[in-house]
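Along the sequence shown, the residues carry numbers beginning at 1. No hydrogens, no waters, no symmetry mates; every other heavy atom, side chains included, goes into these values. Note that this is a predicted model, so its numbers are computed, not measured.
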Amino acid sequence: FRMNGTERSTKEWSTVKASSSSLRVTNPIRDVVDQLKIPANPPKPLISLSIGDPTVFGNLDNPDSMNDVLIENIKSRKYNGYTHSTGYPDARAAIAKKYSVAGFPLTLNDVIITSGCSGALELAIGAMCDAGQNLLLPAPGFSIYETICQQKGIEARYYRLLSSKDWEIDLDHLESLIDDKTAAMIVNNPSNPCGSVYSKSHLEAIIKIADKNKLPIIADEIYDSMVFSEEPFVSLASVSTSVPILSVGGLAKMYVVPGWRIGWILIHDRNQLFQEVRVGLLKLSQIILGGNTLVQSIIPKTLHETSSAYYRKFIGILAGNAEYLSSRLSKISGLTVIRPGGAMYMMIGIDTSTFSDIKDDIEFAKMLLFEEMVFTLPGTIFKSPNFLRLVICPPMNKLEEACDRIQQFCDNHRKK
């Protein structure tokens with residue numbers, strides 16, 4: 001009908017529909033954690049061994065030199081504007097220098113700076129995989145891999161990690177999952193949630209399978225500097241002469257600044273196989289125009305001028321904590337400790353047959369939180385039922401108290 005010469009619609013408003021891609025997304029951590037309710041009147045102070053944020057307890061600090069440079073750069077007002085979507089050239093050059101491997105040096109053109117390492121993963125997966133294809137993921141593994149796949153319509157296929165072999169990949173199982181729709185695989189080393197660090201020989205075996213099947217790799221190496229085992233960290237790109245690899249990393253964990261949101265992608269190309277992927281990465285980087293420019297400005301000095309004393313202290317704390325937790329928890333009947341060698345985590349196996357009223361890892365974590373106020377994450381979140389993931393970076397007094405409470409909890413529920 002018309003009113004004052006203007007045509008008016010008679011259509012009524014209805015609920016605005018969300019996109020199908022947004023509704024596909026689930027967060028496995030959120031789905032399970034929402035079941036782990038903190039009591040209204042907690043019997044004890046909470047000890048959280050659940051969140052992979054090294055800033056939580058205040059016992060780990062980023063280097064003072066990072067703060068000094070950042071403050072200086074803020075005052076200079078030189079880094080308040082946009083930069084290239086892939087990042088400042090000097091920051092990219094510094095990253096390339098830090099992570100070049102023998103025989104295959106990186107240049108600034110092989111580096112894309114992103115908004116956090118999770119942003120790097122989203123770009124890498126988006127540049128390599130189409131909807132309807134599949135991506136091979138580790139189980140146990142970081143849950144955000146699956147979340148990204150869901151949003152993009154990519155099938156997540158999980159290859160087994162073997163707890164009996166310090167979480168090495170079951171290579172036969174990995175290869176059995178590959179078909180003509182497999183776009184790539186993700187290899188996470190050091191591992192979240194396992195804390196494992198792969199040997200050079202195991203990495204070479206992974207590369208051999210990838211080369212045989214002509215399968216590119218996304219290497220999640222955000223914890224590359226956080227290694228305290230006898231097994232040194234070896235980057236996957238350093239053992240590959242033929243398989244192209246996108247390695248992702250960032251400042252968040254080693255430098256204790258996850259909220260500063262700086263990550264990166266390293267394009268370890270081989271035989272120019274990534275020519276098209278480079279174009280895709282550039283286009284995707286232009287969606288959000290890169291990482292925080294102020295934090296980018298401190299990358300060169302952070303990567304190349306941070307004192308060795310900082311690294312020694314940081315790694316020493318993680319090593320001591322891992323040793324203490326492994327020693328204490330391995331003495332508790334019903335728990336199996338797999339000693340970590342890197343990252344910020346460890347996995348503890350649960351023998352449910354030992355306990356009278358605990359059927360699985362979710363129930364263990366839920367009851368441990370309710371009764372003893374120790375917050376852990378059940379392994380089901382990471383595709384590893386009847387394990388718990390513990391964060392190892394809290395201060396020692398918190399770990400001691402947590403172990404005392406876990407011991408008491410297990411004693412209370414053990415079959416008589």
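Taking each heavy atom of Pro340 and Ser326 in turn, the nearest pair found is CD-OG, 3.8 Å. Summarising the geometry of His173 relative to Arg160, their closest heavy-atom pair is ND1-N, 3.1 Å, with the distance given to 0.1 Å. Among all heavy-atom pairs drawn from Leu377 and Ser50, the shortest one is CD1-O, 3.4 Å.
Looking only at side-chain heavy atoms (C-beta outward), Leu136 and Ile186 stay at 4.5 Å or farther from each other. Within the 4.5 Å cutoff, the side chain of Tyr79 has no heavy atoms near those of the Gln296 side chain. Residues Ser225 and Phe233 have side chains not in contact (no heavy-atom distance under 4.5 Å, counting atoms from C-beta outward). Counting only heavy atoms from C-beta outward, the side chains of Phe409 and Asp411 never approach each other to under 4.5 Å. Between Ile178 and Ile209, the closest side-chain pair of non-hydrogen atoms falls below 4.5 Å. Taking the side chain as every heavy atom from C-beta outward, Arg270 and Phe104 approach each other to under 4.5 Å. In this structure, Thr354 and Lys415 have side chains that are not in contact, with every pair of non-hydrogen atoms separated by 4.5 Å or more. Looking only at side-chain heavy atoms (C-beta outward), Arg389 and Met346 stay at 4.5 Å or farther from each other.
Classification of Glu231 and Lys200 as a salt-bridged pair fails, no side-chain N sitting under 4.0 Å from a carboxylate O. Here Glu146 pairs with Lys383 in a salt bridge; the nearest charged N to carboxylate O distance falls below 4.0 Å. Ion pairing of Lys152 with Asp130 is absent here, as no side-chain N (NZ or NE/NH1/NH2) approaches a carboxylate O to less than 4.0 Å. One finds no salt bridge joining Asp211 and Lys208 here, because no Lys/Arg side-chain nitrogen approaches an Asp/Glu carboxylate oxygen to under 4.0 Å. Comment: Asp179 engages Arg157 in a salt bridge, judged by a side-chain N to carboxylate O separation of less than 4.0 angstrom. Comment: Arg339 engages Glu323 in a salt bridge, judged by a side-chain N to carboxylate O separation of less than 4.0 angstrom. In this structure, Arg405 pairs ionically with Glu401, as a charged nitrogen and a carboxylate oxygen lie closer than 4.0 Å.
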Verdict with reasoning, Lys165 to Asp170, per salt bridge (Lys or Arg N to Asp or Glu O under 4.0 Å): CA-CA 9 Å; Lys165 294 186 175 181; Asp170 182 337; over 6 Å; no

Chi angles and distances behind the side chain to side chain contact (heavy atoms under 4.5 Å, CB included) call for Thr336, Ile348: CA-CA 6 Å; Thr336 300; Ile348 307 297; over 6 Å; no

Verdict with supporting geometry, Tyr255 and Trp260, ring pair (Phe, Tyr, Trp, His ring centres under 6.0 Å): CA-CA 10 Å; Tyr255 299 100; Trp260 289 15; 9.9 Å; no

Derivation and outcome, side chain to side chain contact (heavy atoms under 4.5 Å, CB included), residues Leu388 and Met347: CA-CA 6 Å; Leu388 293 179; Met347 292 283 272; over 6 Å; no

Step-by-step side chain to side chain contact (heavy atoms under 4.5 Å, CB included) determination, Ile206 to Met185: CA-CA 10 Å; Ile206 296 167; Met185 73 169 96; 4.2 Å; yes

Leu329 and Leu390: CA distance, side-chain angles, deciding distance, side chain to side chain contact (heavy atoms under 4.5 Å, CB included) verdict: CA-CA 11 Å; Leu329 297 176; Leu390 276 62; 3.7 Å; yes

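For the atom pair Ile299 CD1 and Lys301 NZ, the distance stands at 14.0 Å (nearest 0.5 Å). Rounding to the nearest 0.5 Å places CG of Asp224 at 7.5 Å from CD1 of Ile222. Distance check, rounded to the nearest 0.5 Å: CD1 of Ile265 to OG1 of Thr114 gives 6.0 Å. Rounding to the nearest 0.5 Å places CE of Met344 at 7.5 Å from CG of Leu318.
Checked against the 6.0 Å centroid threshold, Phe314 and Tyr311 do not count as a close aromatic pair. Ring to ring, Trp167 and Tyr198 are not that close: their centroids are 6.0 angstrom or more apart.
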Side-chain donor-acceptor contacts of residues 363-371 below 3.5 Å, not counting sequence neighbours, with atom names and distances?
| unit_1 | atom_1 | unit_2 | atom_2 | d |
| --- | --- | --- | --- | --- |
| Glu363 | OE1 | Lys359 | N | 3.1 |
| Glu371 | OE1 | His413 | NE2 | 2.8 |
| Glu371 | OE2 | His413 | NE2 | 3.2 |

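No hydrogens or angles considered: nothing links the side chains of Asn189 and Tyr223 as a donor-acceptor pair under 3.5 Å. Side-chain contact, Arg92 with Tyr88: no donor N or O sits under 3.5 Å from an acceptor N or O. For the residue pair Ser196 / Asp166, no side-chain donor-acceptor distance below 3.5 Å is found, with atom types taken as modelled. Between the side chains of Gln151 and Ser22, no donor N or O sits under 3.5 Å from an acceptor N or O. Donor-acceptor pairing under 3.5 Å is lacking for the side chains of Asp360 and Asn386. Looking at Ser297 and Asn73, their side chains do bring a donor and an acceptor atom within 3.5 Å of each other.
With Thr306 contributing its side chain and Leu303 its backbone, the two residues share no donor-acceptor pair below 3.5 Å. Between the side chain of Glu155 and the backbone N or O of Gly132 there is no donor-acceptor pair closer than 3.5 Å. A donor-acceptor pair is defined here as one N or O able to donate and one able to accept, closer than 3.5 Å; such a pair exists between the side chain of Asn188 and the backbone of Asn192. Side-chain N or O atoms of Asn134 include none that pairs as donor or acceptor with a backbone N or O of Ala156 at under 3.5 Å. With hydrogens and angles ignored, the 3.5 Å screen pairs a side-chain donor or acceptor of Ser238 with a backbone N or O of Ser235. For the pair Ser100 (side chain) and Ala96 (backbone), a donor-acceptor distance under 3.5 Å is present. Glu305 places no side-chain N or O within donor-acceptor distance of the main-chain N or O of Thr302, the cut-off being under 3.5 Å. Asn292 places a side-chain N or O within donor-acceptor distance of the main-chain N or O of Leu294, the cut-off being under 3.5 Å. Panel note: side chain Asp269, backbone Leu273; a donor-acceptor pair is recorded below 3.5 Å.
The salt bridge (charged side-chain N to carboxylate O under 4.0 Å, His left out) analysis of residues 110-121, with sequence neighbours excluded, yields the pairs Asp110-Arg278. Applying the salt bridge (charged side-chain N to carboxylate O under 4.0 Å, His left out) test to residues at least two apart or on different chains, none of the pairs has a partner in residues 242-266.
For Asp90, the CG atom is densely surrounded, since the number of other residues' heavy atoms within 6.0 Å is greater than 12.
Checked against Leu246 for a side-chain contact (heavy atoms from CB on, under 4.5 Å), the options Ile217, Leu266, Leu123, Leu281 give a single hit: Leu281. Partner of Phe387 under the side-chain contact (heavy atoms from CB on, under 4.5 Å) criterion, out of Cys194, Ser163, Pro140: Ser163 alone. Among the candidates Gln407, Lys44, Gln408, the single residue satisfying the side chain to side chain donor-acceptor pair (under 3.5 Å) test with Glu372 is Lys44.
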